[in-house]
Amino acid sequence: MTMHSKSNLSEKEGVKQPETTSKLSAEKIKLSRKKQVSTEEFVSKILDGNITFLSRAITLIESTNTKHEEKANSILNACLPYANQSVRIGITGVPGVGKSTFIESFGKYLTSIGKRVAVLAVDPSSSVNKGSILGDKTRMEQLVTDKNAFIRPSPSGTSLGGVAQKTKESILLCEAAGFDTIIIETVGVGQSETAVHAMVDFFLLLKLSGAGDELQGIKRGIIEMADAIVINKADGDNIKNAKIAKVEFNRALHLYPPKENGWQPKVMTASGIKNTGIKEIHEMISEYISNAKKDGFFDRRRYKQNKHWLFTTIDQQLKNQFYKNPSVKKSLELELENLSNGEITPFNAAKKLLKFTIKR
(Lines give C-alpha, C1' and ligand atoms only; values in the text may rest on other atoms or scores of the structure.)
Protein backbone atom coordinates (compact mmCIF):
# COMPACT_ATOMS: atom_id res chain seq x y z
CA MET A 1 0.00 0.00 0.00
CA THR A 2 1.45 3.34 -1.09
CA MET A 3 1.71 6.01 1.60
CA HIS A 4 1.17 9.62 0.57
CA SER A 5 3.53 12.16 2.02
CA LYS A 6 0.64 14.61 2.50
CA SER A 7 -3.00 14.06 3.26
CA ASN A 8 -5.59 15.28 0.77
CA LEU A 9 -7.09 17.21 3.67
CA SER A 10 -3.92 19.15 4.33
CA GLU A 11 -4.03 22.92 3.88
CA LYS A 12 -2.65 24.14 0.59
CA GLU A 13 -0.85 27.41 0.15
CA GLY A 14 -3.28 30.03 -1.15
CA VAL A 15 -2.74 32.67 -3.80
CA LYS A 16 -1.07 35.74 -2.34
CA GLN A 17 -3.15 38.87 -2.84
CA PRO A 18 -1.36 42.02 -3.98
CA GLU A 19 -1.15 44.87 -1.50
CA THR A 20 -3.87 47.45 -2.10
CA THR A 21 -1.74 50.23 -0.67
CA SER A 22 2.04 50.30 -0.95
CA LYS A 23 4.13 50.98 2.13
CA LEU A 24 5.45 54.13 0.49
CA SER A 25 1.91 55.45 -0.08
CA ALA A 26 0.96 54.63 3.49
CA GLU A 27 3.93 56.60 4.80
CA LYS A 28 3.01 59.58 2.60
CA ILE A 29 -0.52 59.53 3.99
CA LYS A 30 0.79 59.44 7.57
CA LEU A 31 3.17 62.33 6.91
CA SER A 32 0.45 64.42 5.24
CA ARG A 33 -1.82 63.94 8.24
CA LYS A 34 0.89 65.00 10.66
CA LYS A 35 1.70 68.08 8.58
CA GLN A 36 -0.11 71.23 9.70
CA VAL A 37 -1.97 72.65 6.73
CA SER A 38 -2.21 76.44 6.62
CA THR A 39 -5.51 78.30 6.35
CA GLU A 40 -4.43 79.65 2.96
CA GLU A 41 -3.83 76.15 1.61
CA PHE A 42 -7.17 74.96 2.97
CA VAL A 43 -8.99 77.81 1.24
CA SER A 44 -7.09 77.37 -2.02
CA LYS A 45 -7.86 73.65 -2.16
CA ILE A 46 -11.54 74.16 -1.26
CA LEU A 47 -11.97 76.79 -3.99
CA ASP A 48 -10.41 74.30 -6.41
CA GLY A 49 -13.12 71.81 -5.45
CA ASN A 50 -10.80 69.44 -3.60
CA ILE A 51 -13.15 67.04 -1.78
CA THR A 52 -10.50 65.81 0.66
CA PHE A 53 -9.78 69.30 1.97
CA LEU A 54 -13.49 70.13 2.02
CA SER A 55 -14.11 67.10 4.24
CA ARG A 56 -11.21 68.01 6.51
CA ALA A 57 -12.47 71.57 6.84
CA ILE A 58 -15.95 70.36 7.81
CA THR A 59 -14.32 68.09 10.40
CA LEU A 60 -12.59 71.16 11.86
CA ILE A 61 -15.94 72.96 11.97
CA GLU A 62 -17.56 70.06 13.83
CA SER A 63 -14.70 69.80 16.33
CA THR A 64 -15.10 71.16 19.86
CA ASN A 65 -11.34 71.71 20.16
CA THR A 66 -10.61 75.43 20.66
CA LYS A 67 -7.66 75.47 18.23
CA HIS A 68 -9.73 73.69 15.60
CA GLU A 69 -12.54 76.18 16.12
CA GLU A 70 -10.21 79.15 15.55
CA LYS A 71 -8.83 77.64 12.35
CA ALA A 72 -12.30 76.70 11.12
CA ASN A 73 -13.48 80.29 11.62
CA SER A 74 -10.52 81.59 9.63
CA ILE A 75 -11.30 79.21 6.77
CA LEU A 76 -14.98 80.17 6.86
CA ASN A 77 -14.23 83.90 6.74
CA ALA A 78 -11.91 83.43 3.77
CA CYS A 79 -14.46 81.27 1.91
CA LEU A 80 -17.46 83.51 2.60
CA PRO A 81 -17.01 85.79 -0.47
CA TYR A 82 -17.28 82.69 -2.69
CA ALA A 83 -20.38 81.23 -1.00
CA ASN A 84 -24.13 81.90 -1.19
CA GLN A 85 -24.39 80.94 -4.87
CA SER A 86 -26.34 77.69 -4.50
CA VAL A 87 -29.91 76.52 -4.15
CA ARG A 88 -30.46 74.95 -0.73
CA ILE A 89 -33.08 72.21 -0.48
CA GLY A 90 -34.23 70.65 2.77
CA ILE A 91 -35.74 67.16 2.63
CA THR A 92 -37.51 65.59 5.58
CA GLY A 93 -39.90 62.77 6.41
CA VAL A 94 -40.44 60.07 8.99
CA PRO A 95 -37.95 57.17 9.18
CA GLY A 96 -38.83 54.60 6.54
CA VAL A 97 -40.31 57.08 4.07
CA GLY A 98 -37.38 56.47 1.71
CA LYS A 99 -35.40 59.70 2.07
CA SER A 100 -32.02 58.24 1.14
CA THR A 101 -33.35 56.42 -1.94
CA PHE A 102 -35.22 59.52 -3.09
CA ILE A 103 -32.20 61.80 -2.52
CA GLU A 104 -29.94 59.44 -4.47
CA SER A 105 -32.37 59.35 -7.39
CA PHE A 106 -32.86 63.12 -7.25
CA GLY A 107 -29.11 63.76 -6.92
CA LYS A 108 -28.26 61.50 -9.87
CA TYR A 109 -30.78 63.36 -12.02
CA LEU A 110 -29.26 66.71 -11.04
CA THR A 111 -25.71 65.62 -11.88
CA SER A 112 -26.96 64.24 -15.21
CA ILE A 113 -28.07 67.75 -16.22
CA GLY A 114 -24.78 69.33 -15.20
CA LYS A 115 -25.39 70.23 -11.56
CA ARG A 116 -22.91 69.72 -8.73
CA VAL A 117 -24.67 68.31 -5.68
CA ALA A 118 -23.64 68.25 -2.02
CA VAL A 119 -25.71 66.16 0.39
CA LEU A 120 -25.42 66.99 4.07
CA ALA A 121 -27.11 64.08 5.79
CA VAL A 122 -27.64 64.35 9.52
CA ASP A 123 -27.66 61.02 11.37
CA PRO A 124 -29.30 60.73 14.79
CA SER A 125 -26.90 60.31 17.68
CA SER A 126 -27.53 57.83 20.44
CA SER A 127 -28.69 59.45 23.67
CA VAL A 128 -26.88 56.67 25.54
CA ASN A 129 -23.37 56.55 24.07
CA LYS A 130 -23.56 59.62 21.77
CA GLY A 131 -22.54 57.52 18.74
CA SER A 132 -24.00 57.59 15.22
CA ILE A 133 -24.13 55.01 12.44
CA LEU A 134 -23.45 57.54 9.64
CA GLY A 135 -24.75 55.13 7.02
CA ASP A 136 -25.86 57.48 4.26
CA LYS A 137 -22.81 56.79 2.10
CA THR A 138 -23.72 53.11 2.24
CA ARG A 139 -27.36 53.73 1.34
CA MET A 140 -26.46 56.08 -1.53
CA GLU A 141 -23.94 53.77 -3.15
CA GLN A 142 -24.46 55.13 -6.68
CA LEU A 143 -24.40 58.83 -5.83
CA VAL A 144 -21.31 58.46 -3.66
CA THR A 145 -19.27 57.40 -6.71
CA ASP A 146 -20.49 60.34 -8.82
CA LYS A 147 -17.64 62.80 -9.40
CA ASN A 148 -20.10 65.72 -9.31
CA ALA A 149 -21.58 64.74 -5.95
CA PHE A 150 -20.39 65.00 -2.35
CA ILE A 151 -22.06 63.23 0.56
CA ARG A 152 -21.24 64.20 4.10
CA PRO A 153 -22.99 62.34 6.94
CA SER A 154 -22.73 64.12 10.27
CA PRO A 155 -23.82 63.13 13.77
CA SER A 156 -26.69 65.17 15.13
CA GLY A 157 -25.17 65.31 18.59
CA THR A 158 -27.19 67.27 21.13
CA SER A 159 -28.00 70.24 18.88
CA LEU A 160 -31.51 71.47 18.16
CA GLY A 161 -33.85 68.85 16.85
CA GLY A 162 -31.17 66.50 15.60
CA VAL A 163 -29.66 68.95 13.13
CA ALA A 164 -25.88 69.07 13.32
CA GLN A 165 -24.84 72.29 15.04
CA LYS A 166 -22.42 73.24 12.29
CA THR A 167 -24.56 72.36 9.27
CA LYS A 168 -25.01 76.04 8.40
CA GLU A 169 -21.25 76.58 8.18
CA SER A 170 -20.82 73.34 6.21
CA ILE A 171 -23.24 74.71 3.62
CA LEU A 172 -21.01 77.75 3.07
CA LEU A 173 -17.91 75.60 2.56
CA CYS A 174 -19.72 73.36 0.05
CA GLU A 175 -20.84 76.45 -1.87
CA ALA A 176 -17.28 77.79 -1.93
CA ALA A 177 -16.16 74.42 -3.30
CA GLY A 178 -18.44 74.94 -6.30
CA PHE A 179 -21.52 72.90 -5.40
CA ASP A 180 -24.57 74.68 -6.83
CA THR A 181 -27.20 72.49 -5.17
CA ILE A 182 -27.08 71.71 -1.45
CA ILE A 183 -29.43 69.04 -0.12
CA ILE A 184 -29.92 68.77 3.64
CA GLU A 185 -31.53 65.57 4.90
CA THR A 186 -32.99 65.62 8.39
CA VAL A 187 -33.41 62.71 10.75
CA GLY A 188 -37.17 63.23 10.54
CA VAL A 189 -37.84 63.40 14.27
CA GLY A 190 -38.44 66.07 16.89
CA GLN A 191 -37.77 69.68 15.90
CA SER A 192 -35.22 68.90 13.19
CA GLU A 193 -37.64 70.05 10.51
CA THR A 194 -37.91 73.50 12.12
CA ALA A 195 -34.13 73.92 12.22
CA VAL A 196 -33.64 72.80 8.60
CA HIS A 197 -36.48 75.04 7.42
CA ALA A 198 -34.47 77.96 8.83
CA MET A 199 -31.46 77.25 6.60
CA VAL A 200 -32.88 76.27 3.18
CA ASP A 201 -34.55 77.97 0.21
CA PHE A 202 -37.01 75.16 -0.48
CA PHE A 203 -38.45 72.69 2.01
CA LEU A 204 -39.64 69.32 0.71
CA LEU A 205 -41.73 66.95 2.83
CA LEU A 206 -41.81 63.25 1.91
CA LYS A 207 -44.90 61.27 2.85
CA LEU A 208 -46.14 57.69 2.55
CA SER A 209 -49.56 56.54 1.42
CA GLY A 210 -51.75 53.86 2.90
CA ALA A 211 -50.25 54.08 6.39
CA GLY A 212 -52.59 56.55 8.04
CA ASP A 213 -50.13 59.27 7.12
CA GLU A 214 -52.75 61.40 5.36
CA LEU A 215 -54.57 62.27 8.59
CA GLN A 216 -51.31 62.68 10.49
CA GLY A 217 -50.17 65.16 7.87
CA ILE A 218 -53.25 67.30 8.45
CA LYS A 219 -52.66 67.38 12.22
CA ARG A 220 -48.98 68.23 12.22
CA GLY A 221 -47.63 71.77 11.95
CA ILE A 222 -44.90 70.53 9.64
CA ILE A 223 -47.27 70.89 6.69
CA GLU A 224 -47.28 74.66 7.19
CA MET A 225 -43.54 74.80 6.56
CA ALA A 226 -43.53 72.58 3.46
CA ASP A 227 -43.13 74.22 0.06
CA ALA A 228 -44.08 70.90 -1.53
CA ILE A 229 -45.24 67.46 -0.46
CA VAL A 230 -44.09 64.36 -2.32
CA ILE A 231 -45.88 61.04 -1.87
CA ASN A 232 -42.90 58.72 -2.14
CA LYS A 233 -42.78 55.00 -3.05
CA ALA A 234 -45.51 55.54 -5.67
CA ASP A 235 -44.75 52.35 -7.57
CA GLY A 236 -46.16 48.86 -8.10
CA ASP A 237 -49.32 48.13 -6.14
CA ASN A 238 -48.92 51.39 -4.24
CA ILE A 239 -49.62 53.71 -7.20
CA LYS A 240 -53.36 53.77 -6.54
CA ASN A 241 -52.87 54.56 -2.84
CA ALA A 242 -50.38 57.31 -3.75
CA LYS A 243 -52.94 59.00 -6.01
CA ILE A 244 -55.55 58.88 -3.23
CA ALA A 245 -53.05 60.35 -0.77
CA LYS A 246 -52.24 63.14 -3.23
CA VAL A 247 -55.92 64.15 -3.30
CA GLU A 248 -56.14 64.05 0.51
CA PHE A 249 -53.07 66.23 0.97
CA ASN A 250 -54.29 68.73 -1.63
CA ARG A 251 -57.47 69.09 0.43
CA ALA A 252 -55.45 69.49 3.61
CA LEU A 253 -53.33 72.29 2.12
CA HIS A 254 -56.43 74.40 1.53
CA LEU A 255 -56.94 74.53 5.31
CA TYR A 256 -53.77 76.58 5.73
CA PRO A 257 -53.23 80.28 4.93
CA PRO A 258 -51.20 81.16 1.81
CA LYS A 259 -47.44 81.57 2.17
CA GLU A 260 -45.77 84.96 2.47
CA ASN A 261 -44.68 84.94 -1.17
CA GLY A 262 -48.05 83.73 -2.46
CA TRP A 263 -46.72 80.29 -3.38
CA GLN A 264 -49.27 77.48 -3.26
CA PRO A 265 -47.50 74.29 -2.10
CA LYS A 266 -47.69 71.47 -4.62
CA VAL A 267 -48.43 67.80 -3.97
CA MET A 268 -46.67 65.31 -6.26
CA THR A 269 -45.98 61.58 -6.43
CA ALA A 270 -42.61 59.96 -7.02
CA SER A 271 -40.63 56.75 -6.75
CA GLY A 272 -36.98 56.88 -5.82
CA ILE A 273 -36.50 53.26 -6.88
CA LYS A 274 -38.20 53.63 -10.27
CA ASN A 275 -36.92 57.20 -10.84
CA THR A 276 -40.42 58.43 -11.66
CA GLY A 277 -41.55 61.97 -10.91
CA ILE A 278 -37.98 63.16 -10.27
CA LYS A 279 -37.70 65.44 -13.31
CA GLU A 280 -41.08 67.03 -12.55
CA ILE A 281 -40.05 67.74 -8.94
CA HIS A 282 -36.88 69.48 -10.11
CA GLU A 283 -38.88 71.61 -12.56
CA MET A 284 -41.28 72.56 -9.79
CA ILE A 285 -38.42 73.59 -7.45
CA SER A 286 -36.80 75.59 -10.27
CA GLU A 287 -40.08 77.42 -10.86
CA TYR A 288 -40.33 78.27 -7.17
CA ILE A 289 -36.72 79.56 -6.97
CA SER A 290 -37.15 81.61 -10.16
CA ASN A 291 -40.29 83.32 -8.85
CA ALA A 292 -38.73 83.87 -5.40
CA LYS A 293 -35.71 85.63 -6.94
CA LYS A 294 -37.84 87.82 -9.18
CA ASP A 295 -39.91 89.34 -6.36
CA GLY A 296 -37.02 89.56 -3.89
CA PHE A 297 -38.43 86.91 -1.54
CA PHE A 298 -35.33 84.73 -2.00
CA ASP A 299 -32.99 87.36 -0.54
CA ARG A 300 -35.44 88.39 2.17
CA ARG A 301 -35.78 84.79 3.34
CA ARG A 302 -32.02 84.30 3.50
CA TYR A 303 -31.62 87.51 5.51
CA LYS A 304 -34.24 86.32 8.01
CA GLN A 305 -32.47 82.96 8.25
CA ASN A 306 -29.10 84.59 8.93
CA LYS A 307 -30.73 86.77 11.60
CA HIS A 308 -32.29 83.65 13.16
CA TRP A 309 -28.96 81.83 13.31
CA LEU A 310 -27.23 84.89 14.77
CA PHE A 311 -29.56 84.87 17.78
CA THR A 312 -29.48 81.07 17.98
CA THR A 313 -25.68 81.10 18.11
CA ILE A 314 -25.67 83.81 20.79
CA ASP A 315 -28.05 81.72 22.89
CA GLN A 316 -25.87 78.63 22.45
CA GLN A 317 -22.63 80.48 23.30
CA LEU A 318 -24.15 82.05 26.41
CA LYS A 319 -25.35 78.64 27.53
CA ASN A 320 -21.91 77.09 26.98
CA GLN A 321 -20.14 79.88 28.86
CA PHE A 322 -22.61 79.62 31.72
CA TYR A 323 -21.96 75.92 32.32
CA LYS A 324 -18.20 76.36 31.97
CA ASN A 325 -18.17 78.98 34.75
CA PRO A 326 -16.34 77.42 37.76
CA SER A 327 -18.67 79.17 40.23
CA VAL A 328 -21.69 77.81 38.42
CA LYS A 329 -20.28 74.27 38.44
CA LYS A 330 -19.71 74.43 42.20
CA SER A 331 -23.09 75.99 43.03
CA LEU A 332 -25.00 73.77 40.65
CA GLU A 333 -24.20 70.67 42.70
CA LEU A 334 -25.44 72.40 45.86
CA GLU A 335 -28.68 73.58 44.25
CA LEU A 336 -29.34 70.13 42.80
CA GLU A 337 -29.02 68.70 46.31
CA ASN A 338 -31.39 71.36 47.67
CA LEU A 339 -33.80 70.57 44.84
CA SER A 340 -33.65 66.88 45.67
CA ASN A 341 -34.41 67.62 49.33
CA GLY A 342 -37.35 69.81 48.41
CA GLU A 343 -35.72 72.91 49.92
CA ILE A 344 -35.99 75.04 46.79
CA THR A 345 -38.02 75.28 43.58
CA PRO A 346 -36.36 74.78 40.16
CA PHE A 347 -37.14 78.41 39.26
CA ASN A 348 -35.54 79.93 42.37
CA ALA A 349 -32.55 77.62 41.98
CA ALA A 350 -32.10 78.87 38.43
CA LYS A 351 -32.29 82.52 39.57
CA LYS A 352 -29.57 81.90 42.17
CA LEU A 353 -27.29 80.30 39.60
CA LEU A 354 -27.84 82.99 37.00
CA LYS A 355 -26.50 85.65 39.37
CA PHE A 356 -22.99 84.43 38.51
CA THR A 357 -23.34 85.62 34.91
CA ILE A 358 -25.80 88.51 35.13
CA LYS A 359 -24.26 91.81 36.27
CA ARG A 360 -26.72 94.33 37.60
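- Interatomic distance, Gln321 CD to Leu318 CG, rounded to the nearest 0.5 Å: 6.0 Å.
- Around atom NZ of Lys259, more than 12 heavy atoms belonging to other residues, nucleotides or ligands sit under 6.0 Å away.
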CA sep, side-chain torsions, deciding dist, call: Glu169, Leu173, side chain to side chain contact (heavy atoms under 4.5 Å, CB included): CA-CA 7 Å; Glu169 287 87 349; Leu173 289 185; 6.0 Å; no

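- For the atom pair Tyr288 OH and Phe203 CZ, the distance stands at 12.0 Å (nearest 0.5 Å).
- Ser209 pairs in a side chain to side chain donor-acceptor pair (under 3.5 Å) with only one of the listed residues (Thr269, Asn241, Asn232, Asn238), which is Asn238.
- Inter-residue side-chain proximity for Phe298 and Asn261 is flagged as unmet; no heavy-atom pair is nearer than 4.5 Å.
- No donor-acceptor distance shorter than 3.5 angstrom exists from the side chain of Ser290 to the backbone of Glu287, with no hydrogens or angles considered.
- Using a 4.5 Å heavy-atom cutoff, the side chains of Glu185 and Phe102 are not in contact.
- For Gln85 (side chain) and Glu175 (main-chain N/O), no donor-acceptor pair under 3.5 Å exists by modelled atom type.
- Judged by a 6.0 Å distance limit and a 45° cone about the ring axis, Arg56 is positioned over the six-membered ring of Phe53.
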Step-by-step salt bridge (charged side-chain N to carboxylate O under 4.0 Å, His left out) determination, Lys304 to Glu260: CA-CA 13 Å; Lys304 285 183 178 179; Glu260 182 184 343; 3.4 Å; yes

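- Contact check for Leu310 versus Asn306: no side-chain heavy atoms found under the 4.5 Å cut-off.
- The heavy-atom pair separating Ile58 from Ser170 by the smallest distance is CG2-OG, 3.6 Å.
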Derivation of the side chain to side chain contact (heavy atoms under 4.5 Å, CB included) call for Ile229 and Leu205: CA-CA 5 Å; Ile229 297 173; Leu205 173 63; 4.3 Å; yes

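- The backbone N or O of Lys108 sits less than 3.5 Å from a side-chain atom of Thr111, completing a donor-acceptor pair.
- The distance from atom CG of Leu336 to atom OG of Ser340, rounded to the nearest 0.5 Å, is 8.5 Å.
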Full working for salt bridge (charged side-chain N to carboxylate O under 4.0 Å, His left out) between Glu70 and Lys67: CA-CA 5 Å; Glu70 292 175 358; Lys67 291 183 179 180; over 6 Å; no

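- Between atom CD1 of residue Ile244 and atom NZ of residue Lys246 there is a gap of 13.0 Å, rounded to the nearest 0.5 Å.
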Evaluation steps, side chain to side chain donor-acceptor pair (under 3.5 Å), between Thr59 and Arg152: CA-CA 10 Å; Thr59 299; Arg152 173 72 182 203; 3.1 Å; yes

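- In this structure, Leu354 is not a member of the same hydrophobic cluster as Leu334, with clusters built from ILVMFWY side-chain heavy atoms closer than 4.5 Å.
- Within a 6.0 Å sphere centred on CD of Gln264, other residues, nucleotides and ligands contribute more than 12 heavy atoms.
- Ring geometry, His282 versus Phe106: the interplanar angle falls from 30° to 60°, so the pair is classed tilted.
- Side-chain contact between Asn84 and Leu172 is present, with at least one heavy-atom pair separated by less than 4.5 Å.
- Shown are Ile151, Ile91, Ile184; of these, the side-chain contact (heavy atoms from CB on, under 4.5 Å) with Ile103 is made only by Ile91.
- With Thr312 contributing its side chain and His308 its backbone, the two residues share a donor-acceptor pair below 3.5 Å.
- Legend: residues meeting side chain to side chain donor-acceptor pair (under 3.5 Å) with Asn325, ordered by chain and number and at least two apart, are absent.
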Stepwise side chain to side chain contact (heavy atoms under 4.5 Å, CB included) check, Phe202 with Met284: CA-CA 11 Å; Phe202 191 92; Met284 178 260 298; 3.5 Å; yes

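- Other residues, nucleotides and ligands contribute only 12 or fewer heavy atoms inside 6.0 Å of the CG atom of Asp237.
- Partner of Ser44 under the side-chain contact (heavy atoms from CB on, under 4.5 Å) criterion, out of Asp48, Leu47, Ile46: Asp48 alone.
- Taking each heavy atom of Phe179 and Ala149 in turn, the nearest pair found is CE2-C, 4.2 Å.
- Closest of all the heavy-atom pairs between Ala234 and Thr276 is O-OG1, 4.3 Å.
- The closest donor-acceptor contact from the side chain of Gln142 to the backbone of Glu104 lies at 3.5 Å or more, if one exists at all.
- Under a hydrophobic clustering in which Ile, Leu, Val, Met, Phe, Trp and Tyr are joined whenever their side-chain heavy atoms come within less than 4.5 Å, directly or via other members, Phe42 and Leu80 fall into the same cluster.
- Val247 and Leu255 are members of different hydrophobic clusters when ILVMFWY side chains are connected at heavy-atom separations under 4.5 Å.
- No donor-acceptor distance shorter than 3.5 angstrom exists from the side chain of Lys168 to the backbone of Met199, with no hydrogens or angles considered.
- In this structure, Ser105 OG and Asn275 CG are separated by 3.5 Å, a value rounded to the nearest 0.5 Å.
- Contact check for Thr39 versus Val43: side-chain heavy atoms found under the 4.5 Å cut-off.
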Test salt bridge (charged side-chain N to carboxylate O under 4.0 Å, His left out) applied to Arg301 and Asp201, step by step: CA-CA 8 Å; Arg301 183 170 179 172; Asp201 307 310; 5.9 Å; no

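- Cluster annotation: Met140 and Ile273 are assigned to distinct hydrophobic clusters (Ile/Leu/Val/Met/Phe/Trp/Tyr, side-chain heavy-atom contacts under 4.5 Å, transitive).
- Ile231 approaches Leu208 most closely through the heavy-atom pair CG2-C, 4.4 Å.
- Grouped with Leu339 in one hydrophobic cluster are Ile344, the linkage being side-chain heavy-atom contacts under 4.5 Å among Ile, Leu, Val, Met, Phe, Trp and Tyr residues.
- We find the OG1-CD1 distance between Thr181 and Ile285 to be 9.0 Å, quoted to the nearest 0.5 Å.
- At most 12 heavy atoms of other shown residues, nucleotides or ligands fall within 6.0 angstrom of atom OH in Tyr82.
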Salt bridge (charged side-chain N to carboxylate O under 4.0 Å, His left out) between Lys266 and Glu280, intermediate numbers included: CA-CA 11 Å; Lys266 304 288 192 299; Glu280 291 76 10; over 6 Å; no

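- Cluster membership check: Leu332 does not share its hydrophobic cluster with Phe347, using side-chain heavy-atom separations under 4.5 Å among Ile, Leu, Val, Met, Phe, Trp and Tyr.
- Here the closest non-hydrogen pair linking Ser63 and Asn65 is OG-N, 3.0 Å.
- Counting heavy atoms from C-beta outward, Val117 and Asn148 have side chains that stay 4.5 Å or more apart.
- Judged as a side chain to side chain donor-acceptor pair (under 3.5 Å), and not counting sequence neighbours, the contacts of Lys352 are Glu335.
- Within 6.0 Å of the NZ atom in Lys115, the count of heavy atoms belonging to other residues, nucleotides or ligands does not exceed 12.
- Annotation for Pro265 and Trp263: closest pair CD-O, 3.4 Å, computed over non-hydrogen atoms.
- With hydrogens and angles disregarded, no donor-acceptor distance shorter than 3.5 Å links the side chain of Arg116 to the backbone of Phe150.
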